[in-house]
**Student:** 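Below: one structure in structure tokens.
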There are 2 protein chains.
Amino acid sequence: MSQNRFTPESTRLDDAARAGWLYYVAGNTQDEIARKMGVSRQTAQRLVAMALSERLVKVRLDHPIGRCMDLAAALRDRFDLGICEVAPSDPEAPDLLTGIAIAAAAELERVLKSPERRIVSLGTGRNLRAMVEQLPIMSCPQHVVVSRLGNMMADGSATPYNATIRLAERIGAPHFPYPLPVLASSTQELSAMQQQQAARNTIDLCARADLSLVGIGQMDLTAPLHVDGFLSRAEMDELSGAGAVGEITSWVYDQHGHIIDCAFNRRVASAPLPHSSERPMVAVASGLAKLPAIRAALAGRLINGLITSEAMAERLLS
Amino acid sequence: MSQNRFTPESTRLDDAARAGWLYYVAGNTQDEIARKMGVSRQTAQRLVAMALSERLVKVRLDHPIGRCMDLAAALRDRFDLGICEVAPSDPEAPDLLTGIAIAAAAELERVLKSPERRIVSLGTGRNLRAMVEQLPIMSCPQHVVVSRLGNMMADGSATPYNATIRLAERIGAPHFPYPLPVLASSTQELSAMQQQQAARNTIDLCARADLSLVGIGQMDLTAPLHVDGFLSRAEMDELSGAGAVGEITSWVYDQHGHIIDCAFNRRVASAPLPHSSERPMVAVASGLAKLPAIRAALAGRLINGLITSEAMAERLLS
DNA sequence: TTGCCGGTTGGGCAATTGCCCCTCCGATGG
DNA sequence: CCATCGGAGGGGCAATTGCCCAACCGGCAA
């Protein structure tokens, strides 16, 4: 009541956080919380539920599950990966975002803990965005966050799932948005764009990134590129006809993991994918539909790291 | 499965981790977990409980208040406090009055909500005054507000920051101003004053207060006692020489939280501070300058409750 | 004023969870 | 061989939790 007068909804969240803390950290029952906070049991229950639904409470499991570690080791071995993490799957929801996001956040956090300056480059996508949400709030002004591709659609509007800004905000690091759109309208325009100092600087940062995290897009009707409107149905059919199975930061590649030489790729403005680099280029991806895309990216060594689900790991190894 | 034969208990932990993951991350019920893992519901429950007891699950609250509650819990534990609240600090104004005032007001409001008669005794200071301003207007004629110290300066003028009157007005409760000045001119005069029926009655109310809220004053050039003219520069230097680090309702104490036996304290007319009382004696204080004063008050158990800022809580614990 | 509307509260009940206690099973030792 | 023992599994019940629904509250328009 009283405290609500000033910042109603922020105080309600505060109460939710407090209730969540009392419940999950202090181990109170909802009755005790109700008593301590001077509200009814039902309200306490609502606050706890809100802490959950507003993603105020983050749960992490600190135990390497043997099966997942085995799968990760097998993937590392088979595909010569530097970084590989496998998150447990719920058999009935095998590609729940949260598990993979937590695993990816842990990997990212490891790098961010360094006192030395680190450059982290990010792609886009739900997975990366969910990853950032799982990261604890930390202060890392020594690092740099850079985006590997634009967040503007052709008409200038921003794409959703922008992970770079969120990450930079969360860890208090300077960040470099990608100064070009996702696609240029022509090869000529692209060349001109790439001459800009800002573009050259950002692309250079991407090339020197100490950790790159990217999503992987499949090439079917649910393809992120298509859903987000970068690729018309006709273009996509054409690309599929040319053997496209997946894309990373909009670079479309075939089943061998080779970037396809095509009109579309010649308009892609994203930072180039490094060739068999020493630097970690880690894909964060799951979902049955992405299987061929992930397999190809691994085969072609477009990536040298993978964070995925138990279910996907099993399929990749079979 | 296969790994069981070699490290049975590690597999049990694995199962616990998996069960915990399915429960806390994937949101399954224990029945579903039991079905998916092929065990009985009871076993699933045991596994989930084990994940908890083995500290496999780590819960984090991503809301400023979460950190505050951690700090408050640590302070409560370290200094054996009954009431402890830590308000979030704005990094750029770590001791902003408002946050602490809101926290203190919430604590006060909890007591005021009681239908039973409660006696609330107050000290003085900006913090308490700000606290009262944060309190909702409510009708509490059943309670009693009493001041722990005078609001008259030597010349009879009133001190600013009088919280008692404001609080009484705001909640519509009867109130007892402190019928003596802050300082008597001599020990003899003080004894005479304390014989007055009104004084004895008020002091008695203070001793029986169900909640006492006081400020803490530091002992440097910005000391409230000095700024408000109760303590000359020379007197303060003398007290500092005698080890004074802080004061509560004008009672000056040393770094161990012991009221100093000195000429000044023998003239202090404020209600006595209860010794290790069961009744809540809560300090509302923040500001870097007050650190030694707060630390000493905690050490000497002059207070058994504290409402402070995140920044101060961190310093107190470090 | 009245009545509607969105949002919050508390009662009550069903689902879920925590836990006691008994049983079973394998190991151990007499 | 049998008695004992400790640990895991399961039945069952009480406590806790989740959620639906009706009541209530404050704002707003008629």
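Nothing here was measured: the structure is a model prediction, and the numbers come from that model. Residue numbers begin at 1 in each chain, while the letters A, B, ... track the order of the sequences.
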**Student:** Hey, are A:T29 and A:D31 close enough side-chain-wise for a donor-acceptor pair under 3.5 Å?
**Tutor:** no
**Student:** Please give, in whole Å, the distance from D:dA8 P to B:R41 CZ?
**Tutor:** 18 Å
**Student:** With a 3.5 Å cut-off and no angle check, do the side chains of B:R148 and B:S212 form a donor-acceptor pair?
**Tutor:** yes
**Student:** Reckon B:Q45 touches a base, only the sugar-phosphate, or nothing at all at heavy-atom distances under 4.0 Å?
**Tutor:** base
**Student:** Around atom CZ of A:R55, are there more than 12 heavy atoms from other residues, nucleotides or ligands closer than 6.0 Å?
**Tutor:** no
**Student:** Can you check the B:L47 CG to D:dA8 C1' distance for me, whole Å?
**Tutor:** 11 Å
**Student:** Ignoring backbone atoms, establish whether B:Y23 has a side-chain N or O less than 4.0 Å from OP1 or OP2 of C:dT16.
**Tutor:** no
**Student:** Tell me: CG of A:D15 to C1' of C:dT9, nearest whole Å?
**Tutor:** 15 Å
**Student:** Rounded off to whole Å, could you give me the CE-to-C1' distance for the A:M37 and C:dT8 pair?
**Tutor:** 15 Å
**Student:** Round to a whole Å and report the spacing from CE of A:M50 to C1' of C:dG7.
**Tutor:** 11 Å
**Student:** Locate the shortest heavy-atom distance separating B:P177 from B:H175; write the atom from each residue and the value.
**Tutor:** CD-O, 3.6 Å
**Student:** State whether B:S40 places a side-chain N or O below 4.0 Å from either non-bridging phosphate oxygen (OP1 or OP2) of D:dG9.
**Tutor:** no
**Student:** What's the CG-P distance between B:N28 and C:dA15, to the nearest Å?
**Tutor:** 18 Å
**Student:** Scan A:Q42 against the nucleic acid and name what it touches under 4.0 Å (heavy atoms): base, sugar-phosphate only, or nothing.
**Tutor:** base
**Student:** Specify the separation, in whole Å, of atom CD of B:Q30 and atom P of D:dG12.
**Tutor:** 18 Å
**Student:** Tell me: CZ of B:R46 to C1' of D:dG7, nearest whole Å?
**Tutor:** 10 Å
**Student:** B:T43 side chain N/O closer than 4.0 Å to the phosphate oxygens (OP1, OP2) of D:dG10?
**Tutor:** yes
